Chemist: 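Just passing along the structure, written as structure tokens.
As the structure is a prediction and not an experimental result, all values here were calculated from the model. A note on names: the letters A, B, ... follow the listed sequences, proteins ahead of strands, and every chain is numbered from 1.
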Protein chains: 2
Amino acid sequence: MASASKRERLTAAAQRVFHEQGVEKTTLADIARVADVPLGNVYYYFKTKDQLVQATIDSHAEYLGNLTDELGRLDSPGKRLKGLIDFWVSGRDLAARYGCPFGTLTVELDKREDGLDQAAGEVMRKLIDWCAAQFRSLGCDDAPDLAITLVGAYQGMAVLANALRDPSIMEREGHRLGEWIDSLG
Amino acid sequence: MASASKRERLTAAAQRVFHEQGVEKTTLADIARVADVPLGNVYYYFKTKDQLVQATIDSHAEYLGNLTDELGRLDSPGKRLKGLIDFWVSGRDLAARYGCPFGTLTVELDKREDGLDQAAGEVMRKLIDWCAAQFRSLGCDDAPDLAITLVGAYQGMAVLANALRDPSIMEREGHRLGEWIDSLG
DNA sequence: GTCTATAGGGTGATAGAC
DNA sequence: GTCTATCACCCTATAGAC
């Protein structure tokens, strides 16, 4: 179906350009050009720019859902958490240039109060809850706090890798987090 | 001097509004209104919007410089680092609503490549270097890495406190960081 | 469903009076 | 030094042909 394909191309383009330029600086013309769709046609698929932002949040949520589903097949909670860390580190070059694809979007949307900020926060909470479940399986009684520490460490290392334009920060911090997980199991 | 006062009012207004709304979404009219200065007059003090962004970065750098100078008077590196953590935690309510005042600015500017991104990165590096000096005084041989971990932990907790609109995250994480510092000394 | 043309509103920046 | 008026441009969104 050609229309579904165009919608997907627009969503993918929006996700990429929002990450590289930020939401506010990005124009619908930017997204239309990257998606190779005429500008006026964008409005057939998304009635407002905010709907493209919502589609981007949904896309991140779906991607994270698939990722945690896959990690869930690993046979121990420690392996699952370390698998998540490996995934984060594998994105170090992109994070060093444009920041965490989902974190920077969340930070930008959090300055608003129109619902899109909460939508992004819910996706973040879902990831934290998944981590907390793994820590609980490891036998930790302060699992929710440990989940905050883990996801916070990732968001923080992404901010610094981005600010200093240094992906190796994420390798070293990822390694440290891996040893931390091992020390808990 | 009235002109210096207006310049300061514009800088302070820019810093506040950039934090609350983000740089891209903020108009010069927003800043002029908050500073109580007529719109056209802004251009007498700052020839472009980017110069207001640069003034904001300089203001953050000066504030952080004053803070580390004050903390430097404490009589042990452990107290200095924990003093920095206390300062971070004391800003938890603002961070939960709008993120770290300097971190969110850096994240937004890092999507550019016009020099303002590097200017923000240098201020972040200065803070990390100060922390590294404290860890060195504590006798740690991987002081630079520990500094990255500490500042990264702060940036990360600020992102999560903001995304989840929960300042208590910064209290708990701040407490954890304090115990971590104690365990090193 | 697809696309062109354009409306309508707002933005950064400037010219020039005082 | 201070401020008003306004330009020139760009953006989101719509109307309507095909």
Chemist: Nearest-Å distance, CZ (A:Phe46) to C1' (D:dT14)?
Modeler: 18 Å
Chemist: Which of parallel (below 30°), tilted (30 to 60°) and perpendicular (above 60°) describes A:Tyr98 and A:His19?
Modeler: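 Ring orientation of A:Tyr98 relative to A:His19: perpendicular.
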Chemist: Without decimals, in angstroms, what is the distance between B:Gln21 CD and C:dT11 C1'?
Modeler: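 Atom-to-atom, B:Gln21 to C:dT11, this comes out as 14 Å.
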Chemist: To the nearest Å, give me how far apart CG (B:Leu52) and P (C:dT11) are.
Modeler: 16 Å
Chemist: Among D:dT12, D:dT2, C:dT11, which nucleotide has an atom closest to any side-chain atom of A:Leu28?
Modeler: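 Among the listed nucleotides, the one closest to the side chain of A:Leu28 is D:dT12.
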Chemist: Between B:Glu20 and B:Arg16, does any NZ, NE, NH1 or NH2 come within less than 4.0 Å of an OD or OE carboxylate oxygen?
Modeler: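 Looking at B:Arg16 and B:Glu20, the cut-off is met.
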Chemist: Please pick, from D:dT4, C:dG12, D:dA13, the nucleotide with the shortest atom-to-atom distance to any side-chain atom of B:Pro38.
Modeler: D:dT4
Chemist: Rounded to whole angstroms, how far apart are CG on B:Asp30 and C1' on C:dA13?
Modeler: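 These atoms are roughly 16 Å apart.
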Chemist: Could you give the CD-to-C1' distance, from B:Glu24 to C:dT11, as a whole number of Å?
Modeler: 12 Å
Chemist: OP1 or OP2 of D:dC11 sitting under 4.0 Å from any side-chain N/O of B:Lys25?
Modeler: no
Chemist: If you only use heavy atoms from C-beta on, which nucleotide in C:dG12, C:dC3, D:dT12 is closest to the side chain of A:Tyr43?
Modeler: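 The answer is D:dT12, which lies nearest to the side chain.
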Chemist: Do B:Arg176 and B:Glu173 meet the salt-bridge criterion of a basic N to acidic O distance under 4.0 Å?
Modeler: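 Yes, charged N to carboxylate O under 4.0 Å.
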Chemist: Could you work out which one of D:dT2, C:dT11, D:dA13 sits closest to the side chain of B:Thr27?
Modeler: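 Within the option list, the nearest is C:dT11.
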Chemist: Using atom NZ of B:Lys47 as one end and atom C1' of C:dT14 as the other, report the distance to the nearest whole Å.
Modeler: 12 Å
Chemist: Check whether any side-chain N or O of B:Tyr44 sits under 4.0 Å from OP1 or OP2 of D:dT2, and answer yes or no.
Modeler: no
Chemist: Any ion pair linking A:Lys25 and A:Asp30 (charged N to carboxylate O, less than 4.0 Å)?
Modeler: no
Chemist: Measuring from the side chain of A:Asn41 (C-beta onward, heavy atoms only), which nucleotide among C:dA13, C:dT2, D:dA13 has the closest atom?
Modeler: C:dT2
Chemist: Measure from NZ on A:Lys49 to P on D:dC10 and round the result to the nearest Å.
Modeler: 16 Å
Chemist: Does B:Asp145 come within less than 4.0 Å of A:Arg172, counting only side-chain N to carboxylate O?
Modeler: yes
